[in-house]
Each structure stands twice: as C-alpha cells, then as structure tokens.
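From a predicted model like this one, the values you see are computed outputs, not experimental measurements. Counting convention: from 1, in listed order, for ligands and their atoms alike.
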Amino acid sequence: MVEDSVAQRILMVEFDRLYSDRAGKMRKSEIRELLKVAQDPEVISFAGGLPSPESFPVQDLQGIIHSVLQQKGKVALQYGTTQGLTELREVIAERACKDGIDATAENVMITSGSQQALDTIGKILLNPGDSAFVGLPTYLGGINAYRSYEANLVGIPLDKDGLVIDLLEEKILELKKDKIIPKFIYVVPTFQNPAGVVMPEGRRKKLIDIANDYNLIIVEDDPYGKLRFDKDHIKPIKSFDDEGRVIYMSTFSKILAPGFRIAWTIASEELARKMIICKQALDLCTNTFTQFIVNEFMRSGSLDLHIMKICERYKPKRDIMVEAMQKYFPDGYICNKPAGGMFAWVTLAEGIDTEIMFLDALKEKVAYVHGKAFCVDGSGGRSMRLNFSYATNEQIEAGMKRLGSVIDKKMKILC
Ligand SMILES: Cc1ncc(COP(=O)(O)O)c(C=O)c1O
C-alpha cells in the first residue's frame, strides 16, 4: 500500500538526531490537551481565557473593514514595517501617556498578540539556564514562552496584593550567594491571570526600586488593566520607570478581539530596537490589515465606549459566579472576589487535588484549569482558575452548580 510505504519512510527518518537540543526539550502543553476535551459542546467551560463572543463589535467593524478596504486597500493589504503601523503606534503612545507612561511612537512596537512579545523577550534576554522570576501562580503562556528558551523560572508567592516583594528580595539575595543573577521579573500586576489580584501602587514602586537596585528588567504584562469593575484605576508599573528597565505590554485581545492578533509593547528605545530586530526573523511584520482596522477603531473614538460595554457585560458574570460559589460550593474554599479581569482563583479544602478532580468535573460536563498548571514549583494543587467572561450568565449558574456537586462528592470521600 502506498500509505504504508509513506509511513515506513517517515519512521526511517532519525528525527531525534535532527532536532535541535531546544526542540528536543519542548513538551506539548498538557493543559491544551485537557482543553481539547473541554470543547465538547455539552461541557460548560470555565477553562479558557476567552472573551465573550457576544462582546465583539461585529457591526461597527463591518463598516470600518469596508472603508479600510475602499480607502486604504493598497497599503492595508501590503507588507508593513516590523515595528508596526506608525498611526497605530502614535495613538497607542498617546493613550499610554494618559496612563502616566512617558512614551512616543518610537517606544511602541506592534506584535502578533502579546504572546509574541513574551517569546521575543525570552529570545533577547535568556540564555539556556538563565534565571527569571515569575509569580506563584502566573500566566501559563509566559511560563511556556520562557521555558522554551530553557529558563530556570523562580517562583515568588502572591498574596491578595500580588507578588510579595519582600520574598522577592529574599530570593534575589539567596540566589546571589550561589552567584546566580536573574535577568528579569515577569509580572501581571492588574487583575492577574490566574489569581485576579491587583498590585497596589506602593508595591509597584517598591518593585521598581528592587529592579533598580539589582539591575533587573521588569516585564509588565497588562492585558486586563482596563477591564475594571470596582477598583480605582492604578497606574502601570511602567509609569514609575525612570531608568527604562520596564517592558510594558498590552493587547487588543481582551478589549476588542483576539482574532485580530494585535498587541503592543512599550520599551526604552534600546530595548525596542533589540525587540524589533528579533521580530524581523519571527514574522517580518504583524498583520497589516488588522492593524489598519484597529487603528480606525481607536481613532473613531469607539474603544473607550466599547471597553465600558465589556465591563458592563462582565461585572454581572463575575457576580453570578461568586454568588453561585457561595450557594453551591461546600464550606472550606477561599476566593477573593476579583475587582476586574476575567478570572476567579479558588482554593479548595485540604486534601483536594484539582488536577485529579478535573476528570470528575468533565464527567459532569464542566471544566476549569487546575492550579498546578500556573505554578512553576508544582504548588497550587488545591486551586483552580475559573473564567467568567466566556460562558453565558445561565451557563455560569448551571456550571457552578455542577462544579459544586463535584467538589461536594470529593469532600465526602475525604471525610
Ligand atoms: C497575562 C496574559 N498575557 C498574555 C496573553 C496573550 O494574549 P494575546 O492574545 O495578545 O497573545 C494572555 C492571554 O490570555 C494573558 O492572559
């Protein structure tokens, strides 16, 4: 059979010898595999970090897409510069200035999602074996990006105010004794993924002081900062950066549409230059067409109104989820009500392993991401991340009821 012979020929290729050491060490994400199962339409999924599809401004975008094609089609469908569309970078820099960040279009680089920026940072800063700090827990995509550059990731615990700065300094000194000088601190300071917490201003300033004292870069990842329901606005860490050591990044994925794959970084000209060189090899340029669309959307003044609508949509979802927890979860769980963003972080009673419990949850047609996935030191076994933006209000209520009964059964077995 023709097919057999192709399969046999593939088996003869010695892939192990051909792969780079780096590729040989790459592992597929177990979480992605688990999430595939959660795609069953009968499963109510609190697992992914997906925005509500109902929030996409389809009609507004139809008009913009039409006019971009009609008026600017010849440039919008062409290659663009690696750094990104100048007009878009300008309007992003203007908005950043309103948040206290001292930036011009020269400091801004458009990326294919923030995920590309995370990868770029790994590429320009990490040699194999280099150390970097991350939160315990932290964003899984950050862990994966840095691990692909063979980083040694050192976890710093979070409390209700985010990264515990005193523990960070202790860890820096401890590593120094072993002559290990870490490269950067990766932090999601506002409505953190997965823990939902916000780092207050005092702690942000302290973090800058530590980075200055120990010559560290801060990677500030801020996709959720504008999705604020209850808390006052807090200035980004980058706004306190006098030495040009903070790389700030945000994305249109959560405030407009992830399908556009448009995000941005703001960095000192030195770091921006390095990142642009690095990006040239990754994709030459970010999707030009969607950059034009996003630029028009921003310049039409629609973005702020749209963000307001998203917050109005998500706040009741957050409330339904937190209230359903109180109604359906057995006593013994901990969850701080997130003041914004898209996630609630729940820690269950002693003895429960949320990774094992996931299979029971799937049988009951409800899904989440277990806490260990977000913790580089293997902690987080009693925790789980619940996304409240994607499911409908009715699904949240029903899914939390299912999840409550799964936890209840687990707890009864433990007793
Ligand atoms: C903290 C954080 N950083 C980065 C990303 C990646 O976003 P993007 O869609 O812009 O690649 C996400 C997506 O969920 C995220 O939660």
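Scanning the protein for heavy atoms near atom 11 (O) of ligand 1, the closest one is Arg261 NH2, 2.8 Å. The shortest contact between atom 6 (C) of ligand 1 and any protein heavy atom is with Tyr139 OH, 3.5 Å. Atom 9 (O) of ligand 1 has as its closest protein heavy atom Ser253 OG, 2.6 Å. Counting protein heavy atoms only, atom 13 (C) of ligand 1 is closest to Lys254 NZ, 3.3 Å. In terms of protein heavy-atom proximity, atom 1 (C) of ligand 1 is nearest to Asp221 OD2, 3.3 Å. The protein atom (non-hydrogen) at minimum distance from atom 16 (O) of ligand 1 is Tyr224 OH, 2.5 Å.
Listed by atom number, the atoms of ligand 1 under 4.0 Å from Asn193 heavy atoms are 15 (C), 16 (O). Distances below 4.0 Å separate heavy atoms of Thr251 from the following atoms of ligand 1: 8 (P), 10 (O).
Between Phe15 and Tyr19, the two ring planes are parallel [angle under 30°; tilted spans 30° to 60°].
Gln291 places a side-chain N or O within 3.5 Å of a backbone atom of Leu85 that can act as its donor or acceptor partner. Side-chain N or O atoms of Lys183 include one that pairs as donor or acceptor with a backbone N or O of Leu125 at under 3.5 Å.
Electrostatic pairing of Arg203 and Asp159 counts as a salt bridge here, judged by a charged N lying under 4.0 Å from a carboxylate O.
For the salt bridge (charged side-chain N to carboxylate O under 4.0 Å, His left out) test, residues two or more places apart in sequence or in another chain that qualify with Lys410 are Asp360. Remark: Cys375 engages Leu136, Pro137, Asp377, Ser379 in a side chain to side chain contact (heavy atoms under 4.5 Å, CB included) (not counting sequence neighbours).
The number of heavy atoms from other shown groups lying within 6.0 Å of CZ (Arg299) is above 12. Other residues, nucleotides and ligands contribute only 12 or fewer heavy atoms inside 6.0 Å of the CG atom of Asp232.
Taking all heavy atoms of Pro51, Ser114, Ser250 into account, the minimum distance to atom 8 (P) of ligand 1 is reached by Ser114.
Within the 4.0 Å heavy-atom shell around ligand 1 one finds Pro223. Within the structure, ligand 1 has Gly113 among the residues with a heavy atom less than 4.0 angstrom away.
Backbone and side-chain nitrogen or oxygen atoms of Ser112 are examined, and none is located within less than 3.5 angstrom of a nitrogen or oxygen of ligand 1.
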